[in-house]
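The structure appears below as structure tokens.
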Amino acid sequence: MTAAELITELTDICKRQAEIIKAQAFVLEQLKAQVKEDEAAATIARLRELGCWDG
């Protein structure tokens, strides 16, 4: 394998890794949004239990 071929192969690996990282970031953002929704729902439920929420 020539140096140019090696560089091309390593570049391709880096590009694939970048795509994986982008996909992971996207999933983490979705998870973060879900956790916020779950926390908000739990807070509202608790406030209702305490009689502090009419909404």
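This one's a predicted model, so the numbers in the text were calculated from it and none came from an experiment.
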- Query: Using a side-chain heavy atom cutoff under 4.5 Å and only I, L, V, M, F, W and Y, what cluster partners does Leu10 have?
  - Reply: Met1, Leu6, Ile13
Identify every side-chain donor-acceptor pair in residues 35-43 under 3.5 Å, counting partners at least two apart or on other chains, and give the distances.
unit_1, atom_1, unit_2, atom_2, d
Asp38, OD1, Gln34, NE2, 2.8
Thr43, OG1, Glu39, O, 2.9

- Query: Which salt bridge (Lys or Arg N to Asp or Glu O under 4.0 Å) pairs, counting each pair once, include a residue from residues 12-35, with sequence neighbours left out?
  - Reply: Glu19-Lys22
